[in-house]
Every structure is written in structure tokens, then in C-alpha cells.
Amino acid sequence: MPATDGAGGIVVLTRRRDFLAANAGRRAPMPGFVLLVRPRDDGDATMRIGYTVTKKIGNAVVRNRMKRRLRALVREVLPDTGIAGADHVLIGRAGGVERDFATLRSELGKALRKVLR
RNA sequence: CCAGAGGAUCGGGCGACCGCGGCCCCCGCGUGAGUGGGGGGCGAGGAAAGUCCGGGCUCCAUGGAACGACGGUGCCGGGUAACGCCCGGCGGGGGCGACCCCAGGGACAGUGCCACAGAGAGCAGACGGCGACGGCUUCGGCCCCGCCAUGGUGAAAGGGUGCGGUAAGAGCGCACCGCGCGACCGGUAACGGAAGCGGCAUGGUAAACCCCACCGGGAGCAAGAUCGAAUAGGGGUGGCACGGGGCUUACGUCCCAGGGCGCGUUCCCGCCCGCUACCCGGGUUGAUUGCUGCAGGCGGCGCGCAAGCGUCGUCGUAGAGGAAUGGUCGCCCAUUUCCGCGAUAAAGCGGAAAGGACAGAACCCGGCUUACAGAUCCUCUGGCCUU
RNA sequence: GGAGAGGUGGCAGAGUGGUCGAAUGUACCGCACUCGAAAUGCGGCGUGCCCUCACGGGUACCGUGGGUUCGAAUCCCACCCUCUCCG
């Protein structure tokens with residue numbers, strides 16, 4: 001059984017090919033992060049989520065904090081407004097660590113609406 | 001009160017809700033491995049860092065001896081499992097002082113190097129120069145002999161200053177300073193003191209080679225173990241192939257050998273050797289394990305100047321694996337800014353906002369080094385004022 | 001997590017105790033050759049600070065900071081950065 005990240009049945013991506021596939025999906029760049037979404041179209045309704053924080057963002061401390069904050073975002077937002085049957089990938093950007101959490105939350109909602117259009 | 005020195009400690013606190021990691025308990029389903037739900041308490045550091053040293057642990061290697069090679073350490077004594085660490089002492093340097101800093105063995109075991117400049121750079125003399133007697137002279141000097149005070153240098157030039165002395169000079173003589181040797185005394189030792197003796201001789205560099213003393217097998221938890229597709233390698237059996245020489249018709253037997261491995265050399269010693277067929281077996285991704293309790297913290301007592309040691313009591317719960325600590329809110333504490341009242345300056349009072357250093361365990365310990373907002377405590381030094 | 005290697009002009013890359021701000025190539029600038037260009041030849045060419053009207057000169061810098069030495073790009077120590085290898 002894959003890890004669920006405690007967010008109501010959302011599965012975490014670990015495979016490189018899943019990330020590459022998501023890269024070909026829809027993109028929604030925001031000041032603190034970039035959201036990638038790819039509908040799988042395989043009849044399965046579970047949402048999946050992946051996180052990418054590269055070395056450009058900072059050292060291990062900064063990168064881990066970035067991932068924790070992204071997970072917190074996903075837990076609050078995705079169960080309600082996420083896209084069923086799709087893979088989501090959040091890519092951390094420079095400044096995402098300092099950015100106010102409420103701002104990030106509204107921006108994630110904005111990004112999801114943008115992707116749905 | 002100001003300036004400074006040494007040492008120790010902490011490194012935001014309390015609470016609520018939603019989450020994460022693993023542990024324990026309970027309930028449901030399942031023969032079972034498991035799985036769904038609920039509850040409980042636990043969950044990063046002083047540096048977790050750099051990976052610079054020392055160990056534990058694991059695998060590999062390790063037959064014996066001598067010499068050697070390579071790497072490291074380097075005042076003395078002590079502490080320690082050990083150390084390149086720590087403590088105490090000695091010597092040298094810096095500071096008015098509290099204190100701080102030092103790779104701090106050996107340069108009469110040997111070798112090398114000391115650029116440029118300079119007459120000369122390591123052993124003393126040559127060159128320039130100074131000088132009485134004697135000899136020669138074309139009257140300018142030259143030869144013989146004596147001498148090192150004098151030489152625009154240089155990081156460094158053969159004790160320094162002064163007086164005497166001399167043909168010129170020279171520790172040649174003397175005084176003071178410096179230097180060397182040093183009976184003897186103190187100290188476990190490093191070393192310190194020192195009567196007396198010596199006219200003074202041994203430049204620097206060992207973070208150049210080196211000498212001396214002491215230490216050191218290699219790799220690292222991505223070690224290693226267990227379960228486990230495929231390939232290669234490995235093992236067993238069969239077949240083929242299988243150095244030279246002596247004796248023998250032959251079978252056989254004896255002698256001599258080649259290459260590789262065991263850090264180098266020598267001697268003894270041990271192991272391995274080409275092709276092919278079949279069989280055994282094989283361990284990548286992954287999973288499980290190694291995986292956290294101890295050279296442990298705190299307190300009392302004893303020993304020790306101290307580092308530390310002994311003993312008694314007491315306390316203990318991170319164990320992930322693309323890697324768990326986050327998000328939101330309230331109150332308080334440092335800190336900063338702004339506004340109002342203090343007289344327009346200061347202390348102070350009230351209010352609002354911002355806001356938390358360096359940094360995240362990855363097998364575990366002992367050190368070192370480096371990063372670090374701010375806060376607290378102890379001891380000491382110098383200066384100023386008051387009594 | 002562990003094990004190693006390396007930092008020198010704009011770029012590449014020698015130099016490993018003195019005469020070294022530092023060879024050489026490349027890039028750039030000027031001149032020559034050409035109708036013009038390329039190629040070729042010759043010459044020049046780092047940065048900061050200070051002095052100078054200027055020409056020119058002095059000084060520091062070989063990743064950073066200390067140390068040894070008379071003298072350091074070179075030897076030693078600490079730190080920073082970059083790269084490689086191990087499942």
C-alpha cells in the first residue's frame with residue numbers, strides 16, 4: 001500500500017516517470033511555487049501528489065521546510081478542490097519559504113482554478 | 001561607574017486545534033501474513049555541521065624472522081579505551097595587569113640551499129687596503145715579510161663599548177656587558193640556581209632531505225548478514241590438451257624448472273594455473289536485519305592543585321529510509337520601530353505593529369575545528385569617584 | 001552517509017622556495033599585407049589603492065585567513081567553493 005500523506009487517500013508520487021509525465025500536463029506558475037496537473041484517464045478517481053524542491057532553492061534545511069509547507073498546503077486545499085483522477089506536482093520556487101502561508105493557500109486555489117479551465 | 005580578562009550555563013516559554021514518524025494497548029475482519037478503527041505516551045543539536053584526529057563494531061587480509069620502505073607524532077610529568085585531545089609544570093614571546101600565544105627534539109652524524117647586492121655567504125683565506133726593517137729602483141713604485149681595525153652591500157659578515165698597546169694592528173692586555181664550559185645545590189623530569197674556569201671557538205634553514213624516540217594491517221553500516229528473477233564469475237564430474245633432461249624397449253621412476261598471489265629484499269613455507277560439455281550453484285531491484293543502553297547524565301561522599309578516578313544513590317524511552325517536528329491561533333519574554341503623556345532632552349507610563357541566531361539525527365561514542373541573534377551567573381585585572 | 005581530486009589574467013593552461021604580475025595558446029586592440037576581408041607577421045593588453053596636469057611610478061593581489069623562512073603562487077595549518085566515485 002503506497003503512502004497516503006494523511007490527506008484523505010491522496011497518494012504520493014515517487015516514480016521519476018510520473019514526474020516526467022506530469023511535466024507534459026497543464027502548468028500554473030505562482031510566485032511561491034509551480035503547480036503541474038495531468039489527468040491520468042485510467043478510471044481511477046484517487047488523486048496523487050508529488051513534490052519537487054531542487055538544490056537551487058537552498059540547503060537541506062530550507063528544502064525540507066519547503067516540502068513540509070507544501071504538504072501542509074496540500075492537506076488543507078486538495079481534499080476539497082483537487083482534481084479527481086489526476087496527478088498533481090508542486091515545484092517549490094525561491095521565496096516560497098518566506099512567503100505568508102495564507103497567501104500561498106489562496107494562490108494554490110487560484111492555480112487549481114486556472115488549470116481547470 | 002567605565003574599560004578589559006578568564007570560565008560556566010541557556011539558546012524562547014505556556015496552552016488549544018489540524019497533521020507527520022515509529023512504539024505500546026484495546027476493538028472489528030481474516031486460518032494466516034496482514035488490514036480497518038480508537039486510545040496512550042514519545043519524537044533533533046550544542047554544534048546534529050566540517051569529516052580533521054582517536055576508538056568501538058563489521059568484513060577482508062594476517063605462517064615465521066631480520067632489516068627496510070611508507071605515513072604520523074615530537075619540551076617534561078600526569079589523565080584517558082585511545083588520541084594530534086585535556087590538565088599541571090618548564091622554556092620563549094606579548095600585555096601596566098588579570099591573562100594570552102608558541103609544530104617547543106637534534107644544525108659538532110651527514111648532505112643540500114642561502115637569489116640580488118657585495119671583496120667575501122660558510123671556511124677561512126683570497127681581493128682591495130694598512131705598515132716598520134731589509135732588498136731592488138728608470139724615484140712613479142715593486143719584492144719579501146707582518147696585519148685584519150678599514151670595504152657604498154646584505155636577512156645574516158666571525159663578540160660589543162671604552163681605555164691601553166703597536167711600525168700597522170689584533171682579547172694582545174684590562175674594565176663592564178654578552179657568550180661558552182661548569183664542580184656543586186634544588187627538582188620525578190623538562191629545567192632552574194651557581195662557586196669557579198675559558199679570551200671567545202659551534203652563522204641560518206630540519207613547516208629542505210635527514211638523524212633520534214615513539215605509534216600505525218586495509219577498508220568502511222553504501223561495512224556485513226538473511227530471503228530472493230536474469231546475466232557474468234565460482235565449484236564438482238567427464239573428455240581433450242599438458243615444459244626440459246637422465247635411466248628404461250615400455251610401464252615407471254628421479255632431477256631441474258615457468259608465471260602469479262602473500263607491501264619491498266633474503267631464506268624457509270603455503271596456495272593457484274589451458275579449452276569444452278553437463279550438473280550444482282549464483283544474489284541485482286526490492287524486503288528484513290545490523291539499529292540503538294551506554295568509555296551515559298545528575299547528585300552525595302572520598303582521593304587529587306587539576307584533568308580525572310573510585311564508590312553509593314538516582315534518572316533514562318528519536319530511530320527515519322527520496323528520509324518524520326509542519327500549519328493556524330491566543331497569552332507572555334527578549335529585541336526593534338512608530339504614536340501619545342511626561343517640558344521639546346532622559347528615565348518612566350500607556351497603546352499599536354513587526355519579530356526569534358547558527359542550523360535538522362542517518363551505526364555509535366571521545367575530542368578538535370568552524371557557524372551562532374541574544375540572555376544569565378561566577379571569578380579576576382586596570383582606572384575614576386565616594387566613605 | 002562515506003571516499004577522493006582540484007582552485008593561477010576574460011577563457012584554457014604552465015610555473016612547485018628567489019631575478020615571477022607570472023610562460024604559452026585563445027579572445028581583444030593597433031599597425032603592416034589587401035580593392036576590402038580572412039589567414040599571416042609585428043607590437044600591445046589583469047585588477048584595486050596611492051602619487052602625478054600628463055608621461056610614468058609605487059604598493060597589494062595566484063580561492064580566503066594565519067604561520068614557517070631573510071624571502072611563499074610554491075612549504076605547513078584552518079576555513080570557503082567546485083568536481084568525481086561508492087547502492
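Convention: sequence-line order gives letters A, B, ...; per-chain numbering from 1.
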What interatomic distance, in whole Å, is found between [atom1] of [M] and the corresponding atom of [N]?
N	M	atom1	result
C/G7	B/G220	P	24 Å
B/C303	B/C384	C1'	47 Å
B/A222	B/A69	C1'	34 Å
B/G356	B/G342	C1'	32 Å
B/C90	C/C79	C1'	33 Å
B/G112	B/G192	C1'	38 Å
B/U9	B/U289	C1'	42 Å
B/G78	B/C312	C1'	28 Å

Counterpart residues, side chain to side chain contact (heavy atoms under 4.5 Å, CB included), relative to [X] (two or more places apart):
X	value
A/Ser106	none
A/Glu107	A/Met30, A/Pro31, A/Phe33, A/Arg99, A/Thr103, A/Leu104
A/Ala28	A/Leu35, A/Ala111, A/Lys114, A/Val115

How many whole angstroms separate atom [atom1] of [X] from atom [atom2] of [N]?
X	N	atom1	atom2	answer
A/Leu73	B/U328	CG	C1'	12 Å
A/Met66	B/G322	CE	C1'	17 Å
A/Leu90	B/G326	CG	P	19 Å
A/Glu76	B/G326	CD	P	15 Å
A/Leu108	B/U328	CG	P	15 Å
A/Leu104	B/G326	CG	C1'	13 Å
A/Phe101	B/C18	CZ	P	16 Å
A/Arg69	B/A324	CZ	C1'	18 Å

According to the Watson-Crick and G-U wobble definitions, with both distances under 3.5 Å, which nucleotide is paired to [N]?
N	answer
B/C278	B/G236
B/A69	none
B/C181	B/G196
C/C70	C/G18
B/G97	none
C/G65	C/C77

CG (A/Leu70) and CD1 (A/Ile49) are apart, to the nearest 0.5 Å, by 8.5 Å
Rounded distance (nearest 0.5 Å) linking atom CG of A/Leu116 with atom CZ of A/Arg26:
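Going from the CG atom of A/Leu116 to the CZ atom of A/Arg26 covers 8.5 Å.
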Classified by glycosidic angle (syn within 90° of 0, else anti), B/A346 comes out anti
Judged by whether its glycosidic angle lies within 90° of 0, B/A44 is syn
Expected rows: protein N/O vs nucleotides 358-362 of chain B N/O, under 3.5 Å:
| unit_1 | atom_1 | unit_2 | atom_2 | d |
| --- | --- | --- | --- | --- |
| B/A359 | N6 | A/Arg65 | NH2 | 3.4 |
| B/G360 | N7 | A/Arg68 | NH2 | 2.9 |

Applied to residues 30-39 of chain A, the salt bridge (charged side-chain N to carboxylate O under 4.0 Å, His left out) test, sequence neighbours excluded, yields A/Arg38-A/Asp87
With sequence neighbours left out, the residues meeting side chain to side chain donor-acceptor pair (under 3.5 Å) with A/Arg113 are none
query: Do any side-chain nitrogens or oxygens of A/Arg75 fall under 4.0 Å of OP1 or OP2 in B/C17?
result: no
Think A/Arg71 forms a cation-pi with A/Tyr51, using NZ or CZ under 6.0 Å from the six-ring centre and within 45 degrees of its axis?
yes
